[in-house]
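Side chains included, hydrogens not; waters and symmetry mates left out as well; all remaining heavy atoms used. Reminder, nothing fancy here: chain letters follow the sequence lines and each chain counts from 1.
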Amino acid sequence: MVESDRSEFPGAHTPLTRVTDDAARTGPEALNRPYDPTGVEERWYRLWEDRGYFSPEGGDGRRPFVISMPPPNLTGVLHYGHAVIVTFEDLLIRWRRMQGYETLWLPGTDHAAIGTNSVLLDQIAKQGRTRDEIGREVFEELFWDWIGKSGATIRSQLRRVGASCDWSRERFTMDEGLTRAVNEAFVRLYDRGLIYRGSYLVNWDPQDRTAVSDLEVEHEIVAGKLWHVRYPLVDGGHIVVATTRPETILGDTAIAVHPDDERYAGLIGRRAQVPALERQIRIIADDAVNPEFGSGAVKVTPGHDPNDYQMGIRHELEMINILNEDGTLNENAGPFAGQDRFEARVSVVNWLDERDLIEKVEEHEHSVGHGQRSGTIIEPMLSEQWFVRIGPLAAAAAAAVRDGKIQFHPPRFADEFLRWMDEIHDWCISRQIWVGHRLPVWYCQDCGETTVNNDEPESCPACGGVLERDPDVLDTWFSSGLWPFSTLGWPDSTPDFRNFYPTTVMQTGYDIIFFWVARMVMLGIELTGEVPFRHVHLSGLMRRDDGSKVSKSDPQPGDDPAEVIDRFGADALRYMIATAGSPGGDLKLVWQKLEAARNFANKLWNAARFTVDAQAVGQVEPGPPTAVDRWILGRLDQTVSETTRRLEAFNFGEAGRGIQDLIWNDFCDWCIEASKPRLRGNDPAAASRAAATLAEVLTTSLRLLHPFMPFVTEELWSHLRRVLTDLEPENIIIADWPESQGRERDPAVAEIDGLAEAVRVIRNARREAGVEPARRIEAVLKPGARSAVLETESDFLARLARIDPLVILGDGDTPPEKSISLIAGGMEIHLPLEGMIDIDVERKRLTSELERLDGEIARADKALSNKKFIERAPADVVQKRRDDRVAAVSQRNTTRTRLDTL
RNA sequence: GGGCAAGUAGCUCAGCCGGUUAGAGCGCCACGUUGACAUCGUGGAGGCCACAGGUUCGAGUCCUGUCUUGCCCACCA
C-alpha cells in the first residue's frame, strides 16, 4: 500500500474560536432546509477549478500521487460506468490531496476507432451515402467535427460528477503529441522485432469490413444445425462429414479422420469430390479429429476455420479464401459467387438436398463469434495484417505482477491477469477503417520495400522509388495501451514524465482488464522500462435495476447519470456508488439507495445548521470536556483511524459507511441531543464547551466525508467558517486529512456507551408499559460501576429517557418494590410506575428475562468447563467469557430477587 | 470444456485475523415529544447465514463436495 507521510503533513487540531458578533452568523437564507444541491455543485466546481486546486505544479518536493483517468470513448455520452470510475478515482485523489500528496489526475478522451467509425458510418448512411463515395479526406473532417462535439459533452459530464482532474493537462488519443507517441511506439516495437506483418487467419468483421482482435470477438451460444453431408469419392462410394457451416464446403481442401479410426482406415489417402465444384480433395489423417463427434470425419477449410488452418499448415494444404470483404462469396465459390454468406448457406443446402447429398440434419447448439461493436457474425478469414508478437511482452508483464511490482485490488484479479497472460496469442493491430492512427508504414511502388518510420519518408530508402502509405489504422487499444506515459510527454523526457511516471493507481472496471490494463502493463514495461502504475484497483460494473450491464455498446435511455444528479445531486450519486457494495463487486442502481444517500446529505446539512447556531453561545472560555464530549471525540478519533485504514486498503464502502455511522448514529442521535441542555443552560462555560465539541466533531467529519461528498462538505465548510474564525484553510478541498489523537482509548467511551444502553432499555420499557412518550417518569438507579459518570452525566440519561425525577441509590439502599426493573450498562434501573404496571405482565417479562440469562450462563459454563477451550483459546477470549458470565450471573440474581419480591 | 464471483431479513447489500445472542438502508407494524432535521425521531416484528459433510475448544467466516445464479476465457467441425 501507499504509505501516508504523516510527519510532513500534521493535521490542524487547534481549538476553534468563534465569532461572537451575531451579524456574522449565517443568515436563514444561507442554510435553508432541506439541502438543495442545485447550483451549489456548479458554483464550487468552478471555484475549485479557477483556483487551480486540480493542477499540480510538478516536482515541488512532495510525494506524487498520480492517476491516469481511463479515457472515455468519444462515441456519445457518459453513463453510470463512467460515474463509478470517476467516483472512486476522485475519492482517491481528494483524499491524497488532503493528505498532502502532490496529486495529479490526468483526464482525456479516446477516439474509439471502430466505435466512432460505426457512429460516423451511420451518420453518412442516413444521408444516403457511403464511405467510399465521400472519400477519406471528407470522412476525416466529419471525424474531427464529431470529436469536438462529443468531447465537450463528456467534459461537462465529468465536471458535474465532481471530478477534480487537471483539465490543463487533458489529452486526446489522437492529438499531435499522442500520435507522435503512437508512431514512436510502433517504430520501436518494429525495430525490436515485436511487430510483424503477415498473412494469417484473422477475425473478419464483414459489416465493419475490418479485421478485429481475438478480444473483440464475443462468443455466444446459438442454436444451429449440424448437416451431415455425403461427399462422393472419386473411385466410388462416399464419405459423410458433419458441418455447421455448409457454405464453407466451397473452401474445403481436405477431409480429415482420426488416424486410429478403423471405420475410415481404408479411406485415408483416397480422394473425394467437393460438391458443386471441380475440385478433388484428399482424405487425410490427423490427431485433432474427434472420432466421437458427428460422423468422425471432418471437412477441412483452412481459409475459414482456426482448427482447419492449423491442420492446413501441418499437411501443407491449399488455403482458399471464398469470401469478399463484405461477406459475399467470391469467385472461388463457383456457382454461388456473389451471394451473401447467409444466403449462400441456404443455397448450398438446397443444392445438396436436390442431389440427395444430405444424409441428415441435427439440431446443434454451438458458440458463434460476434463482433463486439457490430454484433455481426465474425468470419475467420485469411488476410494480410500487422501483429504484435506478444510472448516476450506477456512474460515481462506477468513477472512484474508476480514480483509484486504491480498490485491488484482486490488481489484475486492478479490471478486472472496471470492466467490470461499464459494463454495469450499474438495481437492483430491493423484495422481496415478510417478512424484511428494510420500505420507509420510505407511500401515502395517500385521495389516493394517496406519502410517503417516516424516521419513520412520522401522516397524509398532502398531504391528511391515512389512510396505509398499503408491505408490501415491501428487498433484503438494500441494507443490506449500507451496512455499512462504518452499523456505525460513520452517519448520525450518531459518534466511531467519525470515527476509523475510511473503513475500510482490505475482504477477501472474489471471488464477491461485484458483489453486495456494488460496492454498498458506490457507496452509500459517494454517502452519505458518501468511498470506504468503500482496499483490496479478494479471496480465492479454498474448494473441496471434488472441486472443488465450498463455498457457503451448498448446504451439505454436511463443510463445518463445527469438524471440522477438533477434529482438527487452528485454527492448522493457518488456516496451511493462508493458505499453500495464491496470491493470488486457489481453495483445495482437502486432508487432507494439514492434516496438514502440524499437523505444523508440532508441530515448532515441539518446537523451543521444546529452546529452553526450553537456557536452563538459567545466567546467564553470553554469549561472542561464532559464525559459526553470525551465520548464523541473518542468515537471521532476511532472513525478517523478506521477511515484512513480502510481507504489505504481500497475499502471505500466500509470507509463511507463508517463515516455515516459516526455522523448519524453518534453525532446526531446522541451528541447533539445531549448538548441541548448545556447550550440552553445558564452555565456559559459549559455551553461554550458543548459548542466547541460540536464544531470539532462536525468539521473533522466533514473532512473525512469530503472525498465522498465533495460539494455539500465544501458548502458547509464555508458556512462554518463564518462562525469559526480559526477554521482553515478557506476551502475544505485543500484542508488537512484528519489524524487520530488517540482519544478512542478514553474510558468515557465505554461509560457513555453504557448510559446510552440504559437509555435504550428505559425507552423500550416505557413503550412496553404503555407510558405516553411525552410523560416524564421517575427512575431509581443503583449505579454500580457507573456512579462516577452518573454524577456528571445524569442529565444525559434523564433527558434522553425522559426521566424526572432521577433518584440515585447507594449500594446498601433497597429499590422500590412495585416497579419495572432493568439492568443495562452496568446499572440497576427501577421504574416505579405506580398504578401503571401490570404485575402479571411484569412477572412474565422478568421470567423470560431469567430464561434468557440462564441460557447465556449455561452456554458460558459449557465453554468454560471445556478444558480444551481454556487451553487453546486465546487468554483474552477466555477472560472475556468469564467476565461476561459474571455479569450475567449478577443480572440473573438481581432479576430473580425482583421476581421474588414482586 | 476451463476459470472466477455470488447465494445472509420481504428487497438491496455489509459482515475484517474464526470468538458471547449475525448487522445496515429501504420496506413493514406501532407511536411521535424536546425550536437541527418529517428527506425526521422513538420502539418493534422479521434470519436453518443455499445444502451436505469435514477441520476446530468454537464456523456466516476455513476445507471438500453438491445445487442455483451471474460473469470471464475457450478452435471441437
J.: Counting C-beta onward and ignoring hydrogens, is there a side-chain heavy-atom pair between A:Leu662 and A:Thr643 closer than 4.5 Å?
T.: no
J.: Is the closest side-chain heavy-atom distance between A:Arg345 and A:Trp227 below 4.5 Å?
T.: yes
J.: Whether A:His366 contacts B:rC76 is assessed here as follows: a side-chain N or O lying under 4.0 Å from the phosphate OP1 or OP2. Is that the case?
T.: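 Answer no for this pair, as no side-chain N or O of A:His366 is under 4.0 Å from OP1 or OP2.
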J.: How long is the line joining CD of A:Glu851 and C1' of B:rU21, in whole Å?
T.: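 Roughly 15 Å, once rounded to whole Å.
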J.: For B:rC49, which nucleotide in any strand shown is its Watson-Crick or wobble partner with both distances under 3.5 Å?
T.: none
J.: Considering only the P atoms, how many Å lie between B:rG19 and B:rA77, rounded to the nearest integer?
T.: 49 Å
J.: Give one of base, sugar-phosphate or nothing for A:Ala596, where a contact means two heavy atoms less than 4.0 Å apart.
T.: sugar-phosphate
J.: To the nearest 0.5 angstrom, please state how far the CZ atom of A:Arg760 sits from the CG atom of A:Leu800.
T.: 10.5 Å
J.: Where does B:rC31 land, syn or anti, given syn is within 90° of 0?
T.: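 Anti, which is what one calls it when the glycosidic angle falls more than 90° from 0.
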J.: Starting from C1' on B:rC37, measure out to CH2 on A:Trp605 and report it in whole angstrom.
T.: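 Going from A:Trp605 (CH2) to B:rC37 (C1'), I get 12 Å.
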J.: Would you check if there is a donor-acceptor pair between the side chains of A:Asp883 and A:Gln879 at a distance under 3.5 Å?
T.: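 Per modelled atom types, A:Gln879 and A:Asp883 side chains form a pair under 3.5 Å.
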J.: Do NZ/NE/NH1/NH2 and the carboxylate oxygens of A:Arg646 and A:Glu642 come within less than 4.0 Å?
T.: yes
J.: If we take the C1' atom in both B:rU12 and B:rG2, what is their distance in whole Å?
T.: 32 Å
J.: Please classify the nucleic acid contact of A:Glu871 as base, sugar-phosphate, or nothing, using heavy-atom distances under 4.0 Å.
T.: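 Nothing, no heavy atom under 4.0 Å.
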J.: Checking contacts here: which listed nucleotide (B:rG15, B:rA36, B:rU33) is nearest the side-chain heavy atoms of A:Ser582?
T.: B:rG15
J.: For B:rA9 versus B:rG60, give the span between their C1' atoms, rounded off to a whole number of Å.
T.: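 The same atom, C1', in both gives a distance of 14 Å.
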J.: Which of these passes side-chain contact (heavy atoms from CB on, under 4.5 Å) with A:His304: A:Leu201, A:Ile322, A:Asp252?
T.: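 Of A:Leu201, A:Ile322, A:Asp252, side-chain contact (heavy atoms from CB on, under 4.5 Å) with A:His304 is met by A:Ile322 alone.
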J.: How is A:Arg657 classified with respect to the nucleic acid when contacts are heavy atoms under 4.0 Å: base, sugar-phosphate, or nothing?
T.: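 Contact class for A:Arg657: sugar-phosphate only.
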J.: Centroid-to-centroid, A:Trp591 to A:Phe568, below 6.0 Å?
T.: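 Yes: the rings meet the under 6.0 Å criterion.
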J.: Could you list all N or O pairs between the protein and nucleotides 22-24 of chain B that sit under 3.5 Å apart?
T.:
none

J.: Looking at B:rC16, which nucleotide sits across from it as a Watson-Crick or G-U wobble partner, both distances under 3.5 angstrom, or is there none?
T.: none
J.: Give me the distance, rounded to whole Å, that separates B:rC17 from B:rC31 when you measure between the P atoms they each carry.
T.: 45 Å
J.: If only side-chain N and O atoms of A:Arg419 are considered, is one of them under 4.0 Å from the OP1 or OP2 phosphate oxygen of B:rC73?
T.: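 A:Arg419 to B:rC73 OP1/OP2: no side-chain N or O under 4.0 Å.
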J.: With both distances under 3.5 Å as the test, what is the Watson-Crick or G-U wobble partner of B:rU21?
T.: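 Paired with B:rU21, as far as the under-3.5 Å criterion goes, is no nucleotide at all.
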J.: Kindly give the atom pairs (protein nitrogen or oxygen, nucleotide nitrogen or oxygen) under 3.5 Å for nucleotides 40-43 of chain B.
T.:
residue, atom, partner, partner atom, Å
B:rC40, O3', A:Lys603, NZ, 3.2
B:rG41, OP1, A:Lys603, NZ, 3.4
B:rG41, OP1, A:Trp664, NE1, 2.5
B:rU42, O2, A:Arg767, NH2, 3.0

J.: Round to the nearest Å and state the distance from A:Glu416 atom CD to B:rG3 atom P.
T.: 13 Å
J.: Any strand is fair game: report the nucleotide pairing with B:rA36 by Watson-Crick or G-U wobble, both distances under 3.5 Å, or none.
T.: none
J.: Can you tell whether the side chains of A:Lys225 and A:Glu363 come within less than 4.0 Å, N to carboxylate O?
T.: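 Result for this pair is yes, salt bridge flagged.
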J.: Between A:Thr243 and B:rA77, is there a side-chain N or O to OP1/OP2 distance below 4.0 Å?
T.: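 It does not, given that no N or O in the side chain of A:Thr243 lies less than 4.0 Å from OP1 or OP2 of B:rA77.
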J.: Does A:Asn866 reach a base, just sugar-phosphate, or nothing at all? Heavy atoms under 4.0 Å.
T.: sugar-phosphate
J.: Can you see whether A:His425 engages A:Asp214 through a side-chain donor-acceptor pair at a distance of less than 3.5 angstrom?
T.: no
J.: Using ring-ring contact (aromatic ring centres under 6.0 Å, His included) as the criterion, point out the one residue from A:Phe708, A:Tyr575, A:Trp605 that pairs with A:Phe600.
T.: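 Between A:Phe600 and the candidates, ring-ring contact (aromatic ring centres under 6.0 Å, His included) is satisfied uniquely by A:Tyr575.
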J.: Measure NE2/A:His364 against C1'/B:rA77 and give the value in whole Å, please.
T.: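 That distance rounds to 7 Å.
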J.: Look through every strand shown and name the nucleotide pairing with B:rA59 as Watson-Crick or G-U wobble, where both distances are under 3.5 Å.
T.: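 The answer is none; no pair meets the criterion.
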J.: Looking for any heavy atom pair under 4.0 Å, which part of the strands does A:Arg412 touch: base, sugar-phosphate only, or nothing?
T.: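 Since only primed, P, OP1 and OP2 atoms lie under 4.0 Å of A:Arg412, the category is sugar-phosphate.
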J.: Measuring only the P atom in each nucleotide, how far is B:rG47 from B:rG1? A whole number of Å is fine.
T.: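 Those two atoms are separated by 39 Å.
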J.: Any donor-acceptor pair, under 3.5 Å, between the side chain of A:Glu673 and the base of B:rA36, if you only look at N and O atoms?
T.: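 Under the 3.5 Å cut-off, the side chain and the base do form a donor-acceptor pair.
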J.: Under 4.0 Å, heavy atoms only, any strand: does A:Lys867 hit a base, just the sugar-phosphate, or nothing?
T.: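 Counting heavy atoms under 4.0 Å across all strands, no contact is made by A:Lys867.
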J.: Quickly work out the A:Ile672 CD1 to B:rC37 C1' distance and round it to whole Å.
T.: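 After rounding, the gap between these two atoms is 9 Å.
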J.: Round to the nearest Å and state the distance from A:Ile513 atom CD1 to B:rC71 atom P.
T.: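 Rounding to the nearest Å, CD1 of A:Ile513 and P of B:rC71 are 18 Å apart.
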J.: Provide, to the nearest angstrom, the distance between the CZ atom belonging to A:Arg775 and the C1' atom belonging to B:rG32.
T.: 17 Å
J.: Determine the Euclidean distance between corresponding P atoms of B:rC67 and B:rC76; express it in Å to zero decimal places.
T.: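 Roughly 23 Å separates the two P atoms.
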J.: Reckon A:Lys676 has a side-chain N or O less than 4.0 Å from the OP1 or OP2 of B:rA36?
T.: yes
J.: Whole-Å distance between B:rA36 P and A:Ile663 CD1?
T.: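 It works out to 19 Å between those atoms.
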J.: Check every strand shown and say whether A:Arg646 touches a base, only sugar-phosphate, or nothing at a heavy-atom separation below 4.0 Å.
T.: nothing
J.: Which is true for A:Tyr35 with a 4.0 Å heavy-atom rule: it touches a base, it touches only sugar-phosphate, or it touches nothing?
T.: nothing
J.: Any salt bridge between A:Glu379 and A:Arg245, counting N to O under 4.0 Å?
T.: yes
J.: Is it the case that the side chains of A:Thr248 and A:Lys299 hold a donor-acceptor pair, with the cut-off being a distance below 3.5 Å and no angle test?
T.: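 There is such a pair between these side chains.
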J.: Between A:Ala580 and A:Arg776, which has a closest nucleotide on RNA chain B that is more 5'?
T.: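 Residue closer to the 5' terminus by nearest nucleotide: A:Ala580.
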J.: Quick check on RNA chain B: between A:Pro874 and A:Pro306, whose nearest nucleotide comes earlier from the 5' end?
T.: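 Its nearest nucleotide being more 5', the pick is A:Pro874.
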J.: On a whole-Å scale, what distance lies between the P atoms belonging to B:rC73 and B:rC16?
T.: 30 Å
J.: Using the side-chain hydrogen bond (donor to acceptor under 3.5 Å, both in side chains) rule, take A:Arg609 and A:Asn606 through it: C-alpha gap first, then chi angles, then the decisive distance, then the call.
T.: CA-CA 5 Å; A:Arg609 293 176 67 222; A:Asn606 282 299; 3.0 Å; yes
J.: Any N or O donor-acceptor pair linking the side chain of A:Arg859 to the base of B:rU21 at under 3.5 Å?
T.: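 No pair found.
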J.: Taking pairing as Watson-Crick or G-U wobble with both contacts under 3.5 Å, can you name the mate of B:rA30, or confirm there isn't one?
T.: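 Its partner is B:rU42 (Watson-Crick or G-U wobble, both distances under 3.5 Å).
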J.: Testing A:Phe417, A:Phe413, A:Phe650 for ring-ring contact (aromatic ring centres under 6.0 Å, His included) with A:Phe408, which one passes?
T.: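 The ring-ring contact (aromatic ring centres under 6.0 Å, His included) with A:Phe408 is passed solely by A:Phe417 among A:Phe417, A:Phe413, A:Phe650.
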J.: Need one value for A:Pro380: base, sugar-phosphate or nothing, where a base atom within 4.0 Å counts as base even if backbone is also close, heavy atoms only.
T.: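 Nothing: the residue A:Pro380, judged by heavy atoms under 4.0 Å, touches no strand.
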J.: So what does A:Ala608 touch, heavy atoms closer than 4.0 Å: a base, only the sugar-phosphate, or nothing?
T.: nothing
J.: Identify the nucleotide, in any strand shown, that forms a Watson-Crick or G-U wobble pair with B:rA6, with both distances under 3.5 Å; if there is none, say none.
T.: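 For B:rA6, the partner nucleotide comes out as B:rU68, under the 3.5 Å rule.
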